[in-house]
Amino acid sequence: MGLFGGPTKQEPISSAPFEGDTYEEPFDSLPTLPKAHSNTIVAKGVTFAGIIRGEGAVQIEGRVEGEIDLKGSVTVTTTGTVQGPITADTVRIAGEVQGSITAREHLCLERTGGVHGDISTASLVVENGHLDGSSTMLTPPERPQEPDLDVSDLQFGENYQVEDEI
């Protein structure tokens with residue numbers, strides 16, 4: 001018996017059409033997978049012992065005991081500690097590092113950060129953090145130069161007018 005005393009109405013159940021043993025769902029296109037991020041996080045409370053080598057960005061919130069060698073960036077947060085050398089393009093220290101640091105492009109030692117070791121970098125910012133070691137300034141890495149363009153190589157649209165020089 002249905003609502004308010006009327007008879008119940010049943011909806012017909014239709015089955016999906018099958019062609020032989022296969023069933024094809026009507027998809028316009030499959031969804032694309034998200035792009036993989038090349039970020040790695042060593043979480044707070046985690047201790048990693050070994051070598052971290054590769055490309056991308058590494059954020060250390062826990063503890064790393066070993067070498068870090070990256071083409072990319074390393075961030076040591078306020079809760080992070082590293083015991084071992086760090087080599088990367090850019091390095092940001094807000095926690096503690098016991099070991100030498102080579103930052104090919106830039107190193108930032110934040111006010112909460114501390115380094116017990118020597119640093120080498122092309123650009124150094126110290127925000128009142130402490131450095132127990134020496135610093136060596138490197139020559140900045142060479143950037144690829146843009147090719148020289150000749151005015152005759154430029155192309156303009158149909159409505160562009162060149163003004164004569166006076």
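Please read all numbers here as calculations on a predicted model, not as lab measurements.
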Within-4.5 Å side-chain heavy-atom neighbours: [X] and [Y]:
| X | Y | value |
| --- | --- | --- |
| T136 | D118 | no |
| R92 | T77 | no |
| I119 | L131 | yes |
| T121 | V91 | no |
| V82 | I60 | yes |

Can you tell me how far apart [atom1] ([X]) and [atom2] ([Y]) are? Round to the nearest 0.5 Å.
| X | Y | atom1 | atom2 | result |
| --- | --- | --- | --- | --- |
| T40 | I52 | OG1 | CD1 | 7.5 Å |
| D69 | E55 | CG | CD | 11.0 Å |
| R111 | I93 | CZ | CD1 | 15.5 Å |
| L109 | S135 | CG | OG | 10.5 Å |
| R104 | K71 | CZ | NZ | 8.5 Å |

Single-linkage hydrophobic cluster [X]~[Y], side-chain heavy atoms < 4.5 angstrom:
| X | Y | value |
| --- | --- | --- |
| I51 | V42 | no |
| I41 | L70 | no |
| L107 | L138 | no |
| I68 | V46 | yes |

If you take all heavy atoms of [X] and [Y], which pair is closest and at what distance?
| X | Y | result |
| --- | --- | --- |
| A88 | G72 | CB-O, 3.6 Å |
| G99 | V115 | O-CG1, 4.2 Å |
| G84 | V97 | O-CG1, 4.3 Å |
| A94 | T112 | O-OG1, 2.8 Å |
| T79 | E61 | OG1-O, 2.7 Å |

Which is it for E65 and T47 under the side chain to side chain contact (heavy atoms under 4.5 Å, CB included) test, yes or no, and what are the steps along the way?
-> CA-CA 7 Å; E65 297 172 354; T47 298; 4.0 Å; yes

Partners passing side chain to side chain contact (heavy atoms under 4.5 Å, CB included) against E96 (at least two apart in sequence or in another chain) =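 Scan of E96 (side chain to side chain contact (heavy atoms under 4.5 Å, CB included), adjacent residues dropped) gives T81, H116, H130.
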
Worked check of side chain to side chain contact (heavy atoms under 4.5 Å, CB included) between L124 and M137 | CA-CA 8 Å; L124 175 63; M137 299 306 292; 4.3 Å; yes

Does the side chain to side chain contact (heavy atoms under 4.5 Å, CB included) test come out yes or no for T78 and E110, once each step is laid out?
-> CA-CA 9 Å; T78 55; E110 296 185 6; 5.7 Å; no

